[in-house]
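Reading through the structure tokens given below for one structure.
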Amino acid sequence: MKIIGYEKFIVAPRWGYLKIITDEGIVGWGEPCLEGRTHTVHACVDELMEYLIGKDPRDIELHWNYLYRATFYRGGAVMMSALSGIDQALWDIKGKALDVPAYQLLGGKCRDKIQTYSWIGGDRPDDVVRMAKERKELGFNAIKMNGTEELNFIDDFSKVDALLDRVQGLRDAMGKDFGIGIDFHGRVHKSMAKIMMKELEPMRPMFVEEPVLAEHFDCIHEIAQYGAIPIATGERLHSRWEFKQLLERGGVDIIQPDVCHCGGLTELKKIASMAEAYDVALAPHCPLGAIALASSVHIDTTCQNAIIQEQSIGIHYNKGNDVLDYIKNKEVFDFDEGYCLNLEGPGLGIEIDENFMRAQHDKALTQPKWRNPHWTHKDGSFAEW
């Protein structure tokens, strides 16, 4: 089997897709994207695909190493996102060629289903109790929300109180066993994160996510001393070598690599296994499309330390189109009491609606590019989103 061509698609709300074509008529789909920089990623896809044309797509480990290592400058968000989408498509092809789901090629299952959680509250969290109740009626037993609006190095304690009121309201309304994930989103500086961890501890959150930005991981162990709350992070790390440094420093309880940014299924599986050796859980980051979700679920199926899966159906970013719009077999993501069953179809186990994909790509060419919000503090200085 040989790779003979490929096509790229950029579609609403903020996603990029890749179709890799073989001479045997088997095609594989991947999701090379980087929120707000997907056009840049697709330029990198073109460069990487120069090597793959004419190659056997089934030699995934060889291709991964060549695409990552055969350049003097390695890694980074753009290159690893491009590599991630290619890697996903290669696993899709290999599974289809052998008529087995990708997880069977990654070691087989260690579970029948994986718990998922649902987003509520938007960028500036509001009305969270009502939304959590709606998610519970849909079968979910866990949610995640942004913790705060923008925060300065030292900021008003009214913002801290607002966070505490929201979380306490959720705990009172939803009960002691309902999972509440609180995403600090890198908006919180170390000084305020210590205060929030201490104050949140009695409310027993499921985890606090990204308490500080990735460049400040050296202080996570310090922040962890202020509240007995699991700390989750890792969505902005892009390889096992970056995760190695995070795990060696300690303080993290849950890693959240993103299968669209960390090197695909090949690398995510290795990162998960490394984390297990540190007694650290896996909860893959996934605020993206159906291919990203399917790829993540295949990894969850094979990893003992996978505990919960993010999914973005109905997330506030999904304007115009949503996750399920791009696939035909939508039933594979009919969550059962908040759990996603293993995907049993060949390859990644989803069927892309290619006609819809093409129509949305053509439409996106005339629409503004998605960019994340730009926030400022009261004094006009830059604020982390």
Side-chain angles (χ1 to χ4, degrees), residues 34-36 75-77 80 119 121 123-125 144-164 166-167 180-201 203-258 261-262 271 275 278 280-287 310 372-379 381-385:
L34 183 62
E35 299 91 306
M80 295 306 287
W119 265 91
D123 265 347
R124 298 178 183 272
K144 187 171 79 175
M145 67 175 185
N146 283 313
T148 72
E149 53 190 292
E150 60 271 28
L151 280 179
N152 219 323
F153 285 85
I154 300 294
D155 214 319
D156 298 337
F157 274 78
S158 60
K159 294 182 180 180
V160 178
D161 292 339
L163 167 62
L164 300 178
R166 282 191 293 272
V167 178
I180 303 172
I182 304 169
D183 191 356
F184 283 11
H185 213 255
R187 299 173 184 172
V188 183
H189 295 278
K190 178 177 69 171
S191 50
M192 300 299 292
K194 293 188 291 187
I195 295 167
M196 292 180 174
M197 290 289 288
K198 182 178 180 180
E199 297 288 346
L200 284 167
E201 181 181 352
M203 302 173 197
R204 299 179 177 177
M206 179 170 57
F207 57 75
V208 163
E209 178 175 334
E210 229 180 6
V212 289
L213 288 167
E215 48 261 46
H216 303 307
F217 279 167
D218 55 320
C219 69
I220 283 185
H221 192 275
E222 178 186 349
I223 293 169
Q225 308 307 307
Y226 287 83
I229 304 169
I231 290 178
T233 195
E235 68 190 68
R236 302 192 216 198
L237 300 184
H238 306 112
S239 72
R240 78 197 85 151
W241 296 282
E242 293 183 5
F243 276 95
K244 179 179 73 171
Q245 296 177 46
L246 172 65
L247 293 166
E248 288 176 343
R249 286 169 176 159
V252 64
D253 304 288
I254 306 166
I255 58 162
Q256 299 172 300
D258 190 312
H261 306 320
C262 77
I271 292 167
Y278 284 84
V280 170
L282 172 71
H285 181 252
C286 188
E310 180 175 24
N372 64 251
H374 292 175
W375 287 2
T376 59
H377 293 298
K378 291 179 181 179
D379 62 2
S381 62
F382 175 85
E384 295 286 353
W385 166 69

Would you please indicate yes or no on a ring centroid separation below 6.0 angstrom for Trp385 and His374?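 When the ring centroids of His374 and Trp385 are compared, they turn out to be at least 6.0 Å apart.
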Test side-chain contact (heavy atoms from CB on, under 4.5 Å) applied to Phe217 and Gln245, step by step: CA-CA 9 Å; Phe217 279 167; Gln245 296 177 46; over 6 Å; no
If I take atom [atom1] from residue [X] and atom [atom2] from residue [Y], how far apart are they, to the nearest 0.5 angstrom?
{"X": "Ile271", "Y": "Trp241", "atom1": "CD1", "atom2": "CH2", "value": "9.0 Å"}
{"X": "Ile195", "Y": "Lys159", "atom1": "CD1", "atom2": "NZ", "value": "13.0 Å"}
{"X": "Asp161", "Y": "Glu199", "atom1": "CG", "atom2": "CD", "value": "8.0 Å"}
{"X": "Ser239", "Y": "His261", "atom1": "OG", "atom2": "NE2", "value": "14.0 Å"}
{"X": "Thr148", "Y": "Met192", "atom1": "OG1", "atom2": "CE", "value": "8.5 Å"}
{"X": "Glu384", "Y": "Leu213", "atom1": "CD", "atom2": "CG", "value": "4.5 Å"}

Would you mind writing out the side-chain donor-acceptor pairs for residues 220-232 within the sub-3.5 Å range, not counting sequence neighbours?
residue: His221; atom: ND1; partner: Gln225; partner atom: NE2; Å: 3.4
residue: Glu222; atom: OE2; partner: Lys194; partner atom: NZ; Å: 3.4
residue: Gln225; atom: NE2; partner: His221; partner atom: O; Å: 2.8

Using the rule given for side-chain contact (heavy atoms from CB on, under 4.5 Å), can you reason through Asn372 versus Glu35, listing the C-alpha separation, both sets of side-chain angles and the distance that settles it, and then say yes or no? CA-CA 8 Å; Asn372 64 251; Glu35 299 91 306; over 6 Å; no
Going by salt bridge (Lys or Arg N to Asp or Glu O under 4.0 Å), name the residues that satisfy it together with Arg166, two or more places apart in sequence or in a different chain.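 For Arg166 there are no salt bridge (Lys or Arg N to Asp or Glu O under 4.0 Å) partners, ignoring immediate neighbours.
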Output all residues satisfying salt bridge (Lys or Arg N to Asp or Glu O under 4.0 Å) with Arg124, sequence neighbours left out; order by chain, then residue number.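 With sequence neighbours excluded, Arg124 shows a salt bridge (Lys or Arg N to Asp or Glu O under 4.0 Å) to Glu149, Glu150, given in chain and number order.
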Non-neighbouring partners of [X] that pass side chain to side chain donor-acceptor pair (under 3.5 Å), sequence neighbours left out:
{"X": "Gln256", "answer": "Glu209"}
{"X": "Ser158", "answer": "none"}
{"X": "Asn146", "answer": "none"}
{"X": "Asp253", "answer": "none"}

Can you see which heavy atom on [X] is nearest to which on [Y], and at what distance?
{"X": "Pro257", "Y": "Phe243", "value": "CB-CZ, 3.5 Å"}
{"X": "Glu310", "Y": "Cys286", "value": "OE1-N, 2.8 Å"}
{"X": "Leu237", "Y": "Glu242", "value": "CA-OE1, 3.2 Å"}
{"X": "Glu201", "Y": "Pro205", "value": "O-CD, 4.4 Å"}

Any side-chain heavy atom of [X] within less than 4.5 Å of one from [Y]?
{"X": "Met203", "Y": "Ile180", "answer": "no"}
{"X": "Val212", "Y": "Val188", "answer": "no"}
{"X": "Leu163", "Y": "Ile182", "answer": "yes"}
{"X": "Met145", "Y": "Val167", "answer": "yes"}

What residues form a side chain to side chain contact (heavy atoms under 4.5 Å, CB included) with [X], not counting sequence neighbours?
{"X": "Met206", "result": "Ala142, Ile308"}
{"X": "Ser381", "result": "His377, Asp379"}
{"X": "Glu248", "result": "Lys244, Tyr278"}
{"X": "Glu210", "result": "Asp183, Thr233, Glu235, Arg236"}

Carefully, step by step, assess Leu282 and Ile254 under the rule side-chain contact (heavy atoms from CB on, under 4.5 Å). CA-CA 6 Å; Leu282 172 71; Ile254 306 166; over 6 Å; no
Within 6.0 angstrom of Arg249 CZ, more than 12 heavy atoms from elsewhere: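 Yes, CZ of Arg249 has more than 12 neighbouring heavy atoms, counting only those of other groups under 6.0 Å.
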Could you please spell out the steps behind the side-chain contact (heavy atoms from CB on, under 4.5 Å) verdict for Asp123 and Arg187? CA-CA 11 Å; Asp123 265 347; Arg187 299 173 184 172; 3.5 Å; yes
With sequence neighbours excluded, tell me which residues meet ring-ring contact (aromatic ring centres under 6.0 Å, His included) with Phe153.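 Checked Phe153 against ring-ring contact (aromatic ring centres under 6.0 Å, His included); matches are His189.
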